[in-house]
Amino acid sequence: MKFYVCIKQVPDVNAPIQIKNGELIQDTDRMILNAYDASAVEEALVLTEEHGGEVEVVLVGPDKATETIRKALAMGADKATHIRTSGDEAYDSASYAHILATFFQDKEYDIISCGKQSQDTDAGLTGGMLAEHLDLPYATNAVGLSIEDSKLIVKRQGDTGQEMIALPTPSLVTCSNDMNEPRIPSLKGIMQSKRKPVESVEIADLDVEENKLKSKTKVTGYREKPEREAGQKFEGEPEEIAQKVAQLLDEEANVV
Amino acid sequence: MSTLLAHIAISDGKVKRSSLEVLSHLRQQADEHGHSVAAVIIDPDADSYTGEVQKYGPSTIYTISDSIFENHRNTPLLRALNKVIDEVDPYLFAFASTEGTKDILGALAANQQAAVLSDVSAFELTGNGITATRPVMAAKILSENEAEGDRILVSVRSGSYELQEQDTDAEVIALDFSMEESDIKAKLKEIIGTSGDKIDLSEAETIVAAGRGAKDEEGQELIQELASTLNAGIGASRALTEAGVIDPSLQIGQTGKVVSPQLYIAVGISGAIQHVAGMANSKVIVAINKDPDAPIFDIADYGIVGDLYKVLPPFIEELRKIKS
Ligand SMILES: Cc1cc2nc3c(=O)[nH]c(=O)nc-3n(C[C@H](O)[C@H](O)[C@H](O)COP(=O)(O)OP(=O)(O)OC[C@H]3O[C@@H](n4cnc5c(N)ncnc54)[C@H](O)[C@@H]3O)c2cc1C
Ligand SMILES: Nc1ncnc2c1ncn2[C@@H]1O[C@H](COP(=O)(O)O)[C@@H](O)[C@H]1O
């Protein structure tokens with residue numbers, strides 16, 4: 001099977017951040033492969049190791065995002081396409097979905113997989129948009145994948161239970177990080193990744209319709225969340241502090 | 001005057017509270033800006049919920065009743081939603097941010113060429129769109145957003161708005177719908193572990209959440225006991241859903257669910273930002289952890305530093321006394 005995995009470079013949410021005059025100031029050295037995409041890569045690798053096939057990753061992003069492509073190649077992906085942007089564009093999920101849809105127009109594939117959301121924005125929109133543009137059947141929030149009779153069997157986490165869905169190919173799936181532990185690239189993997197092909201495509205060469213690239217949404221600023229103050233902390237004899245807190249929940253907080 | 005439309009989600013035979021929260025907010029926005037409010041219910045038995053939905057002020061309720069909606073599936077749901085949009089021509093279409101919504105929102109926006117903002121914690125109409133607040137960076141900070149256009153979709157986190165009753169005589173309009181099973185390429189084969197009579201976490205007043213510290217059998221028994229004493233829903237950190245100890249649909253956090261109960265008791269949970277992302281809007285947070293430096297204590301109103309196996313038995317006993 002031919003897998004395309006859409007991967008995104010995102011800022012590490014664990015890195016310290018500052019907000020100055022409504023703008024977000026982040027350490028640009030701490031950019032990572034979106035965790036949900038890492039799971040999507042991992043799963044595509046496992047399935048192609050088992051059933052044969054090829055894994056190609058696609059990333060839309062600035063030059064700096066090459067390191068994220070290398071990470072996916074070092075994990076084991078066979079090749080990559082880097083759709084280059086200047087990095088200054090205010091693209092939203094819809095813009096990325098249009099760019100990716102244009103790229104996939106003339107491609108052959110069995111499965112396109114995406115992360116279920118970007119770790120920094122939690123938007124969770126691109127996958128469904130891309131499926132709609134390409135008119136593909138799709139499933140989101142996959143927590144398990146397998147291949148049976150050349151169908152992709154998706155276990156997806158729904159609101160209450162887990163739904164088992166059989167997707168014909170070609171189709172699209174968005175992955176949760178609850179399906180696997182992405183492998184850490186080995187030294188050999190890292191060495192090999194340097195020789196794997198990365199095709200570079202300029203956004204301008206893709207001929208994405210200009211008006212479709214224009215975002216209908218924009219971020220106008222950032223602000224701190226109202227701080228949650230740490231309250232009372234009780235240490236000491238377990239029995240005593242447990243009783244004390246139970247009473248406070250009743251008499252002070254009124255929540256039991 | 002334009003129409004603001006609320007999608008009403010039904011789960012386990014009940015109207016989702018989070019949908020009524022969205023509807024309540026639409027009513028308020030419509031009054032402020034001079035628009036009308038409609039609601040849509042898509043369910044095998046959609047008409048049986050109109051009475052309850054009517055209490056929250058829509059002037060029209062559209063229903064699509066078809067057995068094809070027995071279980072959530074994105075293909076028929078999208079077809080129905082597109083049909084409703086064609087019929088109602090809403091300026092704004094608002095959803096509760098459930099997994100069902102997350103499954104279709106992107107595709108619906110692409111089909112409608114609509115501007116879309118997902119998982120917002122607040123939004124207001126403006127002259128030519130909406131402004132909305134979204135938690136970002138694992139909900140560490142808030143972003144302010146604008147969406148513009150003549151069609152806007154938005155999904156709203158549960159607990160963002162209060163329910164506000166405003167009884168109306170809504171007109172109920174049943175829309176025709178038909179779809180062949182053979183038109184659905186993605187085949188639903190099986191559903192595993194529906195919650196049945198379990199408490200819906202996104203609506204629970206009280207949640208007891210278990211983390212790695214409460215992984216073993218004794219820990220799980222204590223969690224069950226605490227939850228039943230408080231009539232609470234049980235939730236979990238990723239450490240426990242990943243280990244298969246707790247049903248994955250009960251994970252709370254960035255990957256899991258967002259909850260906003262009156263009382264959240266975190267037992268043996270360290271308080272990683274991805275967990276906190278899902279529960280920081282709880283009204284009162286209690287943390288039980290043996291590590292005095294666990295980050296969960298930074299956001300807890302009541303922190304109990306101690307071994308959960310020693311703390312929980314007297315805690316449960318005292319709560320039982322209070323309850324009786
Ligand atoms: C993209 C992404 C998304 C994620 N999404 C989620 C999510 O949705 N939800 C989620 O929960 N996590 C999520 N995580 C994982 C998260 O980062 C943490 O790994 C996870 O929350 C840790 O779970 P924990 O607190 O139970 O375990 P730990 O961090 O291992 O903490 C266990 C705690 O129990 C305490 N303890 C141990 N024994 C006892 C005892 N006897 N008595 C009292 N205390 C005890 C310890 O002191 C410790 O603080 C995500 C991670 C990533 C990268
Ligand atoms: N710039 C991009 N390049 C490649 N894939 C992307 C890009 N942006 C989004 N995606 C895919 O869409 C998913 C996230 O969608 P969203 O949460 O809408 O940003 C990611 O997990 C990727 O699979």
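Throughout, a chain's letter reflects where its sequence line sits, starting with A, and its residues are numbered from 1. A quick note: this is a predicted structure, and the numbers were derived from the prediction, not measured.
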Measure the CG-CD1 distance between A:Leu249 and B:Ile265 for me, rounded to the nearest 0.5 Å.
6.5 Å
Over all heavy atoms of both residues, which pair between B:Ile304 and A:Ala242 is shortest? Give the atoms and the distance, please.
CD1-CA, 4.4 Å
Counting heavy-atom pairs under 4.5 Å with chain B, the top scorer among A:Lys218, A:Glu224, A:Glu235, A:Gln117 is A:Lys218
d(B:Leu78 CG, A:Tyr138 OH) to nearest 0.5 Å is 4.5 Å
Which atoms of A:Leu130 are under 4.5 Å from chain B, going by heavy atoms: the side chain, the backbone, both sets, or neither?
neither
Let me know if B:Ala132 has heavy atoms under 4.5 Å from chain A in its side chain, its backbone, both or neither.
neither
Sort A:Glu251 into side chain, backbone, both or neither according to what part of it lies under 4.5 angstrom from a heavy atom of chain B.
neither
If I measure from the heavy atoms of chain A, does B:Ile322 come under 4.5 Å with its side chain, its backbone, both, or neither?
side chain
Considering all heavy atoms, the nearest A:Ala253-B:Lys283 contact
O-NZ, 4.4 Å
The salt bridge (Lys or Arg N to Asp or Glu O under 4.0 Å) partners of A:Arg183 (sequence neighbours excluded) come to A:Glu42, A:Glu49
Portion of A:Ala123 that has a non-hydrogen atom of chain B nearer than 4.5 angstrom:
both
How long is the span from the CG atom in B:Leu188 to the CD atom in A:Glu163, to the nearest 0.5 Å?
6.0 Å
If the contact rule is any heavy atom under 4.5 Å from chain B, which residues of residues 90-102 of chain A qualify, in numerical order?
none
Between A:Gln157 and B:Pro248, what is the shortest heavy-atom contact and its length?
OE1-CB, 3.5 Å
So for A:Lys116, is it side chain, backbone, both, or neither that comes closer than 4.5 Å to the heavy atoms of chain B?
side chain
Residues A:Met129 and B:Gly106: closest non-hydrogen pair is CG-O, 3.2 Å
In chain order, what residues pass the side chain to side chain donor-acceptor pair (under 3.5 Å) check against A:Lys216, with sequence neighbours excluded?
none
Most chain A-contacting option - heavy-atom pairs closer than 4.5 Å, from B:Ile273, B:Leu312, B:Asp119:
B:Ile273
Is a side-chain N or O of A:Thr220 found less than 3.5 angstrom from the main chain of B:Glu144, in a donor-acceptor match?
yes
Does any pair with a residue in residues 288-302 of chain B pass salt bridge (charged side-chain N to carboxylate O under 4.0 Å, His left out), and if so which ones, sequence neighbours excluded?
A:Arg228-B:Asp301
Quick check: closest heavy atoms across B:Lys140 and A:Lys225, and the distance to 0.1 Å?
O-CB, 4.0 Å
Between A:Glu181 and chain B, which part of the residue has a heavy atom less than 4.5 Å away: side chain, backbone, both or neither?
side chain
Counting heavy-atom pairs under 4.5 Å to chain A, which of B:Leu105, B:Leu319, B:Asn111 comes out on top?
B:Asn111
With chain A as the partner, which of B:Gly149, B:Pro135, B:Ala300 has the greatest number of non-hydrogen pairs under 4.5 Å?
B:Ala300
Checking the side chain of A:Lys233 only, and the main-chain atoms of B:Pro292 only, is there a donor and an acceptor separated by less than 3.5 Å?
yes
Please determine, among B:Gln251, B:Glu242, B:Glu205, the option with the most heavy-atom pairs under 4.5 Å with chain A.
B:Gln251
Using a cut-off of under 4.5 Å for heavy-atom pairs, which of A:Asp122, A:Val10, A:Ile241, A:Leu167 has the most such pairs with chain B?
A:Asp122
Shorter than 4.5 Å, heavy atoms on both sides: which option in A:Glu239, A:Lys155, A:Lys244 has the most such pairs with chain B?
A:Glu239
Ranked by heavy-atom pairs below 4.5 Å to chain B, first place among A:Ile19, A:Asp120, A:Asp12, A:Asn254 goes to A:Asp120
Quick one: closest heavy-atom pair of A:Asp159 and B:Gly100, and the distance?
OD2-N, 2.9 Å
Among the listed options B:Gly129, B:Ala109, B:Ser11, B:Ala139, the residue most often paired with chain A at heavy-atom distances under 4.5 Å
B:Ala139
